[in-house]
Amino acid sequence: DGEIWYCKDGGPGVTLFRLTYPEDIPAAHRYSDSKEFLDLLLKGINLPRQVGTQAVRITSLGAAQQDALVHDHYGRTWQLRIWSLGFADVSLLAIALPTPDGYVGMASVVPGGLQDLQAEQIKFIADYFYLTYRGTLAQWQAFLARRDLMPDAFERVKLQYSPGGPLHLESARLQLDTTGLVNLDAKSSLDLQMNYLVDRGKSQWDIAGVVLRPERGKKSHLALYRQSKPADDATKERRDRWEHMSQRNGEFAGTLQHDDSLTEFWIRTVAAGPGAAGGAGPLYEVVYDTDRQLLPRDMEQIRARMPSSFKITE
């Protein structure tokens with residue numbers, strides 16, 4: 001159940017990739033085995049060696065000849081790995097950012113004489129890399145235990161859950177308790193959507209969205225999205241939406257809504273922290289969405305529980 005996504009439009013000679021590890025690969029050595037990392041990546045990215053008139057696909061280059069940690073300006077820890085393709089006097093460079101389910105990053109094949117220059121270039125590009133962290137709850141627990149690879153934004157992230165029970169999630173800006181809303185297991189999925197924020201006049205990279213799915217790949221989910229007050233010159237649509245959020249009316253009234261075929265039901269409301277007083281601070285859009293067949297009293301219990309399930313601390 002592994003997955004490789006890649007795109008060759010990451011810049012001159014740069015391939016973007018996302019590598020999702022199969023769940024049967026132990027998390028204990030997932031981030032330390034450079035050979036296994038590249039062997040999996042080469043299942044998706046075609047790196048050929050010319051033998052006569054035939055292009056033979058390379059399936060392994062062994063362990064990386066260089067393996068180092070580098071840090072970008074937002075406190076993210078990347079693994080910079082270099083393999084030599086001696087038969088062609090070129091090198092394969094990969095800068096990879098660990099995630100709960102594997103890696104995201106960039107790869108590039110460069111002539112040996114340009115290796116150092118290309119390494120500096122992709123380290124520079126790393127500052128502009130945008131991603132969502134995702135994984136099962138079991139993968140998240142293993143990932144958060146690797147303090148050496150932890151981005152600064154996750155220093156205050158705490159995650160606790162019991163199989164068949166609720167999730168308790170705490171970060172620098174919010175707290176979540178799913179008691180009475182959803183029951184989870186080790187394969188339930190959690191997405192932390194990251195964004196570049198301006199906080200107290202400084203640029204930061206932090207959690208701006210949480211999406212929790214009791215069953216990975218299914219429709220039902222509980223989500224929370226951070227929304228900043230639109231600027232005065234923002235579009236009318238954005239300013240009107242913010243007004244409805246501030247007043248908690250319209251689609252944010254916290255009432256049960258559904259589609260025309262009565263197969264999907266949702267509740268949308270708003271959570272706010274102390275910084276929202278006076279209308280200047282951020283608001284959080286809170287959504288419970290499901291395609292499960294629930295009794296009206298069950299949805300009413302969920303609606304009543306939602307306001308107390310989130311605590312915004314910013």
Side-chain angles (χ1 to χ4, degrees), residues 2-21 25 27-133 143 146-153 194 196 205:
E3 181 182 69
I4 300 166
W5 173 93
Y6 69 95
C7 171
K8 295 182 178 179
D9 294 331
V14 175
T15 296
L16 305 178
F17 65 83
R18 181 156 205 155
L19 171 60
T20 301
Y21 274 67
I25 294 181
H29 70 94
R30 181 179 299 171
Y31 304 112
S32 57
D33 191 335
S34 61
K35 177 183 182 301
E36 180 182 74
F37 161 78
L38 187 60
D39 288 356
L40 289 173
L41 193 59
L42 290 175
K43 292 180 181 293
I45 297 178
N46 186 8
L47 182 64
R49 176 178 182 177
Q50 198 68 29
V51 180
T53 59
Q54 186 178 10
V56 179
R57 186 168 186 165
I58 297 173
T59 60
S60 182
L61 290 172
Q65 293 182 323
Q66 297 183 42
D67 194 345
L69 298 180
V70 297
H71 304 275
D72 65 22
H73 285 83
Y74 291 97
R76 299 177 290 198
T77 302
W78 300 73
Q79 292 175 308
L80 177 62
R81 291 164 169 166
I82 302 176
W83 293 262
S84 173
L85 283 70
F87 59 86
D89 189 27
V90 297
S91 296
L92 172 64
L93 281 70
I95 185 168
L97 185 65
T99 64
D101 61 353
Y103 284 99
V104 298
M106 297 170 280
S108 180
V109 176
V110 295
L114 298 177
Q115 174 181 302
D116 292 341
L117 179 63
Q118 183 69 352
E120 291 303 314
Q121 176 175 311
I122 61 176
K123 284 192 288 185
F124 173 80
I125 297 174
D127 269 342
Y128 300 90
F129 212 91
Y130 179 88
L131 76 150
T132 289
Y133 282 86
F143 177 71
R146 290 295 305 262
R147 307 306 299 179
D148 56 326
L149 301 176
M150 193 63 52
D152 290 351
M194 312 301 294
Y196 298 96
W205 181 77

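Position 1 is the first residue of the sequence, and the numbers go up from there. Atoms considered below: every heavy atom in the structure, side chains included; atoms not considered: hydrogens, waters and symmetry mates.
- Looking only at distances, no side-chain donor or acceptor of Asp101 sits under 3.5 Å from a matching main-chain atom of Thr20.
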Q: Could you walk me through whether Ile82 and Ser84 pass the side-chain contact (heavy atoms from CB on, under 4.5 Å) test, one step at a time?
A: CA-CA 7 Å; Ile82 302 176; Ser84 173; over 6 Å; no
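- For the pair Arg81 and Phe37, the cation sits on the ring face: its NZ or CZ lies under 6.0 Å from the ring centre, inside 45° of the axis.
- If you take CG on Leu40 and CD1 on Ile45, they are separated by 11.5 Å, rounding to the nearest 0.5 Å.
- Tyr103 does not carry Arg18 over the face of its six-membered ring by the limits of under 6.0 Å from the centre and within 45° of the normal.
- Taking 4.5 Å as the limit, some side-chain heavy atom of Trp205 sits within range of a side-chain heavy atom of Pro151.
- Relative ring orientation between Trp78 and Phe129 is described as perpendicular, the plane-to-plane angle rising above 60° on a 0-90° scale split at 30° and 60°.
- Using a 4.5 Å heavy-atom threshold, the side chains of Phe87 and Arg49 count as touching.
- Here the shortest heavy-atom pairing between Val110 and Gln118 reads CG1-CG, 3.3 Å.
- At a threshold of 4.5 Å between non-hydrogen side-chain atoms, the residues Asp152 and Tyr74 do not count as touching.
- Contact of the Thr132 side chain with the Met194 side chain is not registered, since no non-hydrogen atoms from C-beta on lie closer than 4.5 Å.
- Note: Leu69 CG to His71 NE2 = 5.5 Å, rounded to the nearest 0.5 Å.
- Residues Tyr21 and Glu3 have side chains that never bring a donor and an acceptor to within less than 3.5 angstrom of each other.
- In this structure a side-chain-to-backbone donor-acceptor pair under 3.5 Å is present from Asp72 to Gly75.
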Q: Carefully, step by step, assess Thr59 and Leu47 under the rule side-chain contact (heavy atoms from CB on, under 4.5 Å).
A: CA-CA 8 Å; Thr59 60; Leu47 182 64; over 6 Å; no
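- Counting only heavy atoms from C-beta outward, the side chains of Gln66 and Gln115 approach each other to under 4.5 Å.
- A donor-acceptor pair under 3.5 Å is formed between the side chain of Trp83 and the backbone N or O of Gly62.
- Applying the ring-ring contact (aromatic ring centres under 6.0 Å, His included) criterion to Tyr130, with sequence neighbours excluded, gives no partner residue.
- Atom CZ of Arg57 and atom NZ of Lys43 lie 9.0 Å apart (nearest 0.5 Å).
- Leu131 has its side chain within reach of Arg76: a pair of non-hydrogen atoms, C-beta onward, lies under 4.5 Å apart.
- The two residues Pro98 and Thr77 have their closest heavy-atom pair at CD-O, 3.3 Å.
- Between the side chain of Ser108 and the main chain of Leu93, no donor-acceptor pair closer than 3.5 Å is present.
- Note that CG of Leu38 and CD of Glu36 are 11.0 Å apart. Values are rounded to the nearest 0.5 Å.
- Atoms SG and CE, from Cys7 and Met106 in turn, are 12.5 Å apart once rounded to the nearest 0.5 Å.
- Taking all atoms of both residues into account, the shortest heavy-atom contact from Val14 to Gln121 is CG2-NE2, 4.5 Å.
- What you find for Tyr31 and Thr99 is that their closest heavy atoms are OH-O, 2.5 Å.
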Q. Can Ile58 and Asn46 be said to form a side-chain contact (heavy atoms from CB on, under 4.5 Å), step by step?
A. CA-CA 8 Å; Ile58 297 173; Asn46 186 8; over 6 Å; no
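- In summary, Asp39 and Lys35 engage in a salt bridge, as defined by a charged side-chain N under 4.0 Å from a carboxylate O.
- Closest of all the heavy-atom pairs between Leu80 and Ala119 is CD2-CB, 4.3 Å.
- Counting only residues at least two apart or on different chains, no ring pair (Phe, Tyr, Trp, His ring centres under 6.0 Å) pair has a member in residues 40-67.
- Residues Ile95 and Ala126 approach most closely at CD1-CB, 4.3 Å, considering heavy atoms.
- Residues satisfying the side chain to side chain contact (heavy atoms under 4.5 Å, CB included) test with Ala55, not counting sequence neighbours, are Pro48, Gln50.
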